[in-house]
Amino acid sequence: MEKSLTLAELKSPVQYVKGIGPSRAKTLAKAGVQTCLDLLYYFPRTYQDRTKFSLIPFLKDGEIATVKGRVISVQETRPKPGLHLLKVIISDGRGRAEGVWFNQPFLKKQFSSGKEVIFSGRVSRRFGPIQFSNPDWEILDEDKDPLHTGRIVPVYPLTGNLTQRAFRRKMKDIIDSYAPMVPEFLPPSFLAKFGLMPLNLALSQIHFPESLKQLQEAKRRFIYEELLLLQLGFALRWKERKARGGISFKTEGSLTQKFLSSLPFPLTEGQSQALEDIRKDMRSTRPMNRLLQGEVGSGKTVLACYAMLVAVQNGYQAAFMAPTEILAGQHFLVLQEFLRDFPLKVALITSGTQKNQKEEIREALKEGKIDIAVGTHALIQEEVSFRKLGLVVIDEQHRFGVMQRKILKEKGENPDMLVLTATPIPRSLALTIYGDFDISTIKGLPSGRQPITTYLVNTSREKDVYDFLKKEIIKGRQAYIVCPRIGEEGKEDESLAAQAALKLRDYLQKEVFPDFQLGLLHGRMPTSEKEEVMRLFKQNEIQILVSTSVIEVGIDVPNASVMVIWNADRFGLAQLHQLRGRVGRGPYKSYCILLADPKNEDALKRLDVMVRTNDGFLISAEDLKIRGPGEFFGLEQHGTPELKVADLFLPETQKFLEDCREQAFLFSNEGKGLFKKFPLLKEMMEARFPFSSGLGEVG
Ligand code: ADP
Ligand code: MG
């Protein structure tokens with residue numbers, strides 16, 4: 001038996017690992033490697049299979065290949081001032097190839113005639129000789145050690161001023177001496193159940209695989225490890241939440257009964273299922289923590305309204321938080337309409353609410369005279385308090401941080417929480433990002449909706465688009481025209497955008513649509529003015545609403561049938577999909593017109609996805625592919641770190657995730673006993689996913 005490393009040793013700074021000094025430690029720190037453990041988990045970026053060498057004459061242009069040969073000649077030239085060219089020509093007995101390096105004169109001394117070397121890299125054979133430009137290389141004779149050849153060779157992401165070969169040598173020594181001493185921390189039952197490689201072996205195989213099969217098995221172990229640790233954090237958080245006593249609401253009552261029977265439409269099947277989930281949660285003595293996801297227009301707000309009525313009919317208050325003033329205002333209007341004949345009071349509180357009115361609302365909230373508060377971040381301000389907050393509904397949650405949710409919830413005593421999101425995401429991702437939520441998904445849209453037809457149109461055909469709008473308006477419909485965002489997403493310059501929108505509105509009103517009424521909406525308008533414009537548009541006193549992208553979410557005017565988006569190439573996919581979701585909300589055939597002359601590949605890809613599909617799941621998946629999860633979700637703000645080993649885009653990851661989630665929830669049932677049995681498991685979970693620190697204390 002080898003000696004096991006202690007936790008303290010594993011956590012010691014990387015500079016004390018032999019062979020890694022302070023300067024190397026600095027380089028490694030840039031890659032996030034702080035401790036000895038981090039270094040052992042500093043996995044290769046990729047591998048080169050050097051078990052097979054290609055024969056030079058058979059190399060194809062553009063392929064990545066590895067060849068072995070003897071140095072025939074070394075040439076140095078300076079074709080231009082400031083340019084040094086080193087050419088090393090080798091022969092494998094069948095053919096010749098040359099390695100070419102630019103401005104690396106110091107490499108020359110490495111190669112001398114007759115030495116046996118390896119080149120590995122992309123082949124170019126377009127112009128005369130077969131070339132490897134700036135290839136990975138190894139000298140074989142010197143290195144009797146077969147570390148660099150005849151095997152699968154690791155390629156590390158960052159090696160500082162070390163070459164791959166020198167860094168590889170170092171890692172080999174480190175792995176050889178440390179890997180056998182790293183104690184296993186995953187429960188044996190888990191390893192056995194999924195046939196996972198033990199940690200020592202997996203570490204040595206992921207760095208220096210003996211075969212592709214071993215490499216694959218090592219990777220699988222680390223994927224399971226990563227997903228289990230992640231899900232264990234979620235499971236523990238879920239459990240701790242549930243362990244707190246929640247409110248057991250009665251879901252039957254006069255308000256909810258009246259509400260359901262007054263709806264002018266039957267609920268869709270997806271809505272009914274989600275409604276059942278919400279009911280069950282609200283009746284339970286444990287706090288609800290549910291994510292309700294569904295396509296734009298799938299009818300989430302109706303369910304939120306139902307849930308709030310449950311709270312109210314049990315003598316509690318409900319809070320409904322939305323990310324923007326416009327959206328909060330819209331929800332407020334909708335609720336007022338739904339609840340017009342109900343004996344309860346709904347109030348809107350945003351940063352635009354006037355001061356004295358705000359104070360009045362706060363007072364009324366505190367005294368319990370307001371039943372439902374709708375608002376923006378203004379709701380989580382310190383001065384806002386509730387008499388008896390029983391339910392928190394949060395819309396578009398990916399725009400809120402974990403902290404903001406928490407602050408609102410803490411204004412009550414373990415209130416139920418319902419989070420709405422119109423960014424449907426694949427289940428594997430949902431489990432990664434909302435792993436501590438229960439999830440309901442509304443599939444499908446209310447019937448009678450017509451699919452929205454989307455066109456990509458060159459801006460030079462602007463006039464045709466306006467002619468089309470005229471026809472629709474004459475039929476009685478309404479339209480939106482959205483101006484381009486100015487500035488990057490998240491850093492919009494709303495005041496410049498507002499100016500542009502104003503100009504466009506004035507121009508269109510005068511020159512193009514003199515017979516119709518055009519309205520203007522942008523983020524810089526006073527709240528009362530915004531409300532007025534939205535009211536007029538709703539009543540069809542305005543036929544065309546010109547706006548900045550502030551209408552992205554929330555506006556609900558079923559009579560609107562055309563959405564025109566100027567310079568659509570400047571918007572992200574999620575935003576485009578949200579914008580498009582403003583039409584097609586009623587029985588009318590609707591259109592989305594993307595006016596754009598896309599200039600780059602990504603923009604074209606996005607617009608193409610929009611034209612191809614209306615399916616929000618598909619669009620999210622494409623968006624994720626184009627942007628990657630970090631950017632897509634702003635994961636850091638979420639408190640959810642990115643996965644390092646598991647790849648959410650691989651179909652098999654779904655199964656791994658489900659396996660690990662199930663096991664994690666089983667393990668979490670063991671309560672404190674789990675970490676008594678496996679103390680290192682807790683340490684590793686906390687080290688890998690800091691959000692799970694301090695969890696697992698509840699028995
Ligand atoms: P979401 O919040 O998911 O975007 P909403 O709740 O705003 O969707 O619903 C969109 C529109 O569809 C609203 O006008 C709403 O009244 C209507 N609606 C909701 N549920 C149904 C249904 N089952 N049948 C018909 N219309 C519905
Ligand atoms: Mg409950």
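Note that ligands are numbered from 1 as they come in the structure, with each ligand's atoms numbered from 1 the same way. Just so it is clear, the structure is predicted and the values come from calculations on it, not from any experiment.
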Considering all heavy atoms of both residues, which atom of L420 and which atom of A304 are nearest to each other, and what is their separation?
CD1-CB, 4.1 Å
Residue, atom name and distance, where the atom is the protein heavy atom closest to atom 20 (N) of ligand 1
Q271 NE2, 3.0 Å
Mind telling me whether Y591 and Y455 have parallel, tilted or perpendicular rings, with 30° and 60° as the class edges?
parallel
Looking at L267, which atoms of ligand 1 are within less than 4.0 Å of one of its heavy atoms?
23 (N)
Apply the side-chain hydrogen bond (donor to acceptor under 3.5 Å, both in side chains) test between N559 and each candidate in Q478, Q539, K538, Q543; give the one that qualifies.
Q478
Is there a donor-acceptor pair closer than 3.5 Å between any side-chain N or O of Q317 and the backbone N or O of I370?
yes
Could you please spell out the steps behind the salt bridge (Lys or Arg N to Asp or Glu O under 4.0 Å) verdict for E658 and R661?
CA-CA 5 Å; E658 302 280 0; R661 185 167 176 84; 6.0 Å; no
Shortest protein contact, atom 2 (O) of ligand 1 (heavy atom only)
T301 OG1, 2.7 Å
Closer than 3.5 angstrom, by distance alone: can the side chain of T376 be matched with the main-chain N or O of A322 as a donor-acceptor pair?
no
Check each atom of ligand 1 against the heavy atoms of T268 and keep those under 4.0 Å away; list them by number with element.
23 (N)
Applying a 4.0 Å heavy-atom criterion (strictly less than), which segment of V302 is in contact with ligand 1: side chain, backbone, both, or neither?
both
For S298 and ligand 1, answer yes if some heavy atom of the residue is under 4.0 Å from a ligand atom, otherwise no.
yes
What protein heavy atom sits nearest atom 12 (O) of ligand 1, and how far away is it?
R449 NH2, 2.6 Å
Tell me, which protein residue and heavy-atom name are nearest atom 14 (O) of ligand 1, and how many Å apart are they?
D556 OD2, 2.8 Å
Given K300, Q330, R582, identify the one with the heavy atom nearest to atom 3 (O) of ligand 1.
K300
Look at atom 7 (O) of ligand 1 and say which protein heavy atom is nearest, naming residue and atom and giving the distance to 0.1 Å.
R585 NH2, 3.2 Å
Checking a contact table here: which protein heavy atom is nearest atom 8 (O) of ligand 1, and how many Å away?
G299 N, 3.1 Å
Tell me whether the centres of the aromatic rings in Y480 and F537 are closer together than 6.0 Å.
yes
Inspect the contact between R241 and D438 and indicate whether a charged nitrogen and a carboxylate oxygen are less than 4.0 angstrom apart.
no
For the 3.5 Å polar cut-off, considering only N or O atoms, please tell me whether P266 and ligand 1 meet it.
yes
With atoms numbered from 1 as shown, which atoms in ligand 1 lie under 4.0 angstrom from a non-hydrogen atom of E295?
3 (O)
What protein heavy atom sits nearest atom 4 (O) of ligand 1, and how far off is it?
G297 N, 2.7 Å
So which protein heavy atom does atom 21 (C) of ligand 1 come closest to, and at what separation?
F265 CE1, 3.2 Å
Report the relative orientation of the aromatic rings in F665 and W238; use parallel for angles under 30°, tilted for 30 to 60°, perpendicular for over 60°.
perpendicular
Which heavy-atom pair separates P415 from L391 by the least distance, and what is that distance?
CB-N, 4.0 Å
